[in-house]
> 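Let me begin by handing over the structure; questions about it come next.
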Amino acid sequence: MDRGFFYRRLGKLFPVCFSNVACGGISLPNKHHVASLAEVFLQPHYWRLFDLLTSSPRTVLDLGGNCGHFPVLCEIIVRWKFGTCTADYHVFEAIRANISNIRFTVERAKMSERTCIVHGAVGKRTGEALLSRSASSTLTSSAVFVGGRVTERVPYVDLEAYLAVRRIKEVDVLKIDVEGSEYDLIETFPNLFGMARILLLELHDLDGRQQAARSFLRSRGLVQAGPALHNGNDELLVFRRQEL
């Protein structure tokens, strides 16, 4: 029997809870929260942020928010390293069902006042992303991979316009996990990468474009700051701005 069977039914009534996390706590009311937390907290990739940070960040940009656990991890790391955290978090997520999951997570962690949640696709400047979903995960969709039936049509967000309106000229931490749309981001918003001080990136294996993407990041003053970890053929990479 599927191990998620009982959790789907009992999680909302008897969620797994962790107290004294970030400013509040973490609750896991369903299997999607469990999977999201495992991806962020139980793999080494995002924990490398602890060594990369040299000062407390002001702006954290999370592209591909899933259930919202990366901002919580970032908050934990910053508080342990610098004693306090006043960062503003901007979380972008294309899948509508995940917006309520992100809101739930940041509310439980008592980070809502410093977190802006945006429902929209990232990668292109205008138009719609046609998201298709894998059969194995109802909360993982891509405008690039999978194919088949379109499950959502989501407008793209103009990231440059978004940052300009909020007068953000530097992004202390840029996290990108957008299921193959990182290549559209590179093509459409090259200046975004010049604004980043630290970049955590999942670089998907797409038509042999990974090497060209790494060369582009070096041209923007970003140097690889640790070994490439691997999730199948995809690369989990960290970069920092060269003058750091």
Side-chain angles (χ1 to χ4, degrees), residues 45-46 59-66 70 89-95 98 116-134 140-148 150-226 228-243:
H45 175 49
Y46 293 123
T59 302
V60 177
L61 193 59
D62 181 358
L63 306 184
N66 202 336
F70 176 75
Y89 299 96
H90 303 264
V91 184
F92 291 74
E93 174 57 44
I95 302 171
N98 272 340
C116 181
I117 303 169
V118 180
H119 177 224
V122 296
K124 298 180 180 179
R125 194 178 303 275
T126 60
E128 283 186 325
L130 305 181
L131 301 181
S132 55
R133 185 173 297 165
S134 69
T140 300
S141 297
S142 174
V144 177
F145 297 118
V146 183
V150 172
T151 57
E152 286 189 62
R153 305 172 71 96
V154 184
Y156 280 103
V157 178
D158 185 336
L159 285 174
E160 285 184 351
Y162 178 91
L163 296 175
V165 166
R166 286 153 184 79
R167 299 181 180 179
I168 296 172
K169 297 181 179 180
E170 185 171 66
V171 178
D172 297 291
V173 179
L174 173 59
K175 173 257 189 182
I176 301 175
D177 182 4
V178 289
E179 303 303 323
S181 290
E182 61 271 18
Y183 298 103
D184 287 330
L185 272 172
I186 287 171
E187 182 178 339
T188 308
F189 302 108
N191 292 334
L192 171 66
F193 297 87
M195 298 169 64
R197 293 174 61 81
I198 294 172
L199 169 64
L200 300 107
L201 170 66
E202 183 163 4
L203 196 59
H204 292 78
D205 183 18
L206 181 63
D207 300 328
R209 298 169 67 181
Q210 290 168 312
Q211 182 57 49
R214 289 192 294 269
S215 296
F216 163 79
L217 294 172
R218 288 194 294 270
S219 75
R220 291 288 154 170
L222 293 167
V223 295
Q224 192 168 327
L229 306 179
H230 290 88
N231 180 18
N233 291 327
D234 304 329
E235 296 179 340
L236 305 176
L237 301 165
V238 290
F239 296 84
R240 62 183 176 186
R241 194 183 294 174
Q242 198 158 12
E243 65 262 30

> Can you tell me how far apart CG (Asn233) and CG (Leu206) are? Round to the nearest 0.5 Å.
12.0 Å

> Would you mind reporting whether Ile117 and Tyr89 have side-chain heavy atoms less than 4.5 Å apart?
no

> Check the surroundings of atom CD in Glu187: do more than 12 heavy atoms from other residues, nucleotides or ligands lie under 6.0 Å from it?
no

> Could I get the full list of ring-ring contact (aromatic ring centres under 6.0 Å, His included) partners for Phe193, not counting sequence neighbours?
Phe216

> For Asp62, what residues pass the salt bridge (Lys or Arg N to Asp or Glu O under 4.0 Å) criterion, not counting sequence neighbours?
Lys175

> If you round to the nearest 0.5 Å, how far is CG of Leu229 from NE2 of His45?
7.0 Å

> Which residues pass the side-chain contact (heavy atoms from CB on, under 4.5 Å) test with Val157, sequence neighbours left out?
Phe92, Val118

> If a pair satisfies salt bridge (Lys or Arg N to Asp or Glu O under 4.0 Å) and one of its residues is in residues 206-218, list it, with sequence neighbours excluded.
Arg214-Glu235

> Given side chain to side chain contact (heavy atoms under 4.5 Å, CB included), test Asp177 with Asn66 step by step and report yes or no.
CA-CA 9 Å; Asp177 182 4; Asn66 202 336; over 6 Å; no

> Once side-chain contact (heavy atoms from CB on, under 4.5 Å) is applied, do any residues pair with Thr59, and if so which ones, sequence neighbours excluded?
His90, Ile168, Asp172

> What closest approach, in Å, do Ile95 and Glu152 show between heavy atoms, and which atom pair accounts for it?
CG2-OE2, 3.4 Å

> Under the rule for side-chain contact (heavy atoms from CB on, under 4.5 Å), what residues qualify as partners of Arg125, not counting sequence neighbours?
Asp158, Glu160, Thr188, Phe189

> How would you list, by chain and number, every residue that makes a salt bridge (Lys or Arg N to Asp or Glu O under 4.0 Å) with Arg220, sequence neighbours excluded?
none

> Can you tell me how far CG of Leu222 sits from CD of Gln242, rounded to the nearest 0.5 angstrom?
9.0 Å

> Closest approach of Ala94 and Val154, non-hydrogen atoms and distance?
O-CG2, 3.4 Å

> With sequence neighbours left out, what residues match Glu170 under salt bridge (Lys or Arg N to Asp or Glu O under 4.0 Å)?
Arg58, Arg197, Arg241

> How far apart are the C-alpha atoms of Ile198 and Val238, what are their side-chain angles, what is the distance that settles it, and do they pass the side chain to side chain contact (heavy atoms under 4.5 Å, CB included) test?
CA-CA 7 Å; Ile198 294 172; Val238 290; over 6 Å; no

> With sequence neighbours left out, write down each residue that passes side-chain contact (heavy atoms from CB on, under 4.5 Å) with Ala196, or none if nothing qualifies.
Leu174

> Quick check: closest heavy atoms across Gln210 and Asp234, and the distance to 0.1 Å?
NE2-CA, 4.1 Å

> Leu201 versus Leu217: any side-chain heavy-atom pair under 4.5 Å?
yes

> Is there a side-chain contact between Glu179 and His204 (heavy atoms, below 4.5 Å)?
yes

> With Phe70, which residues qualify under ring-ring contact (aromatic ring centres under 6.0 Å, His included), at least two apart?
Tyr46

> Can you see which heavy atom on Leu237 is nearest to which on Ala228, and at what distance?
CD2-CB, 3.4 Å

> Do Leu192 and Leu163 come within less than 4.5 Å of each other through their side chains, counting heavy atoms only?
yes

> Can you name the side chain to side chain donor-acceptor pair (under 3.5 Å) partners of Arg167, sequence neighbours left out?
none

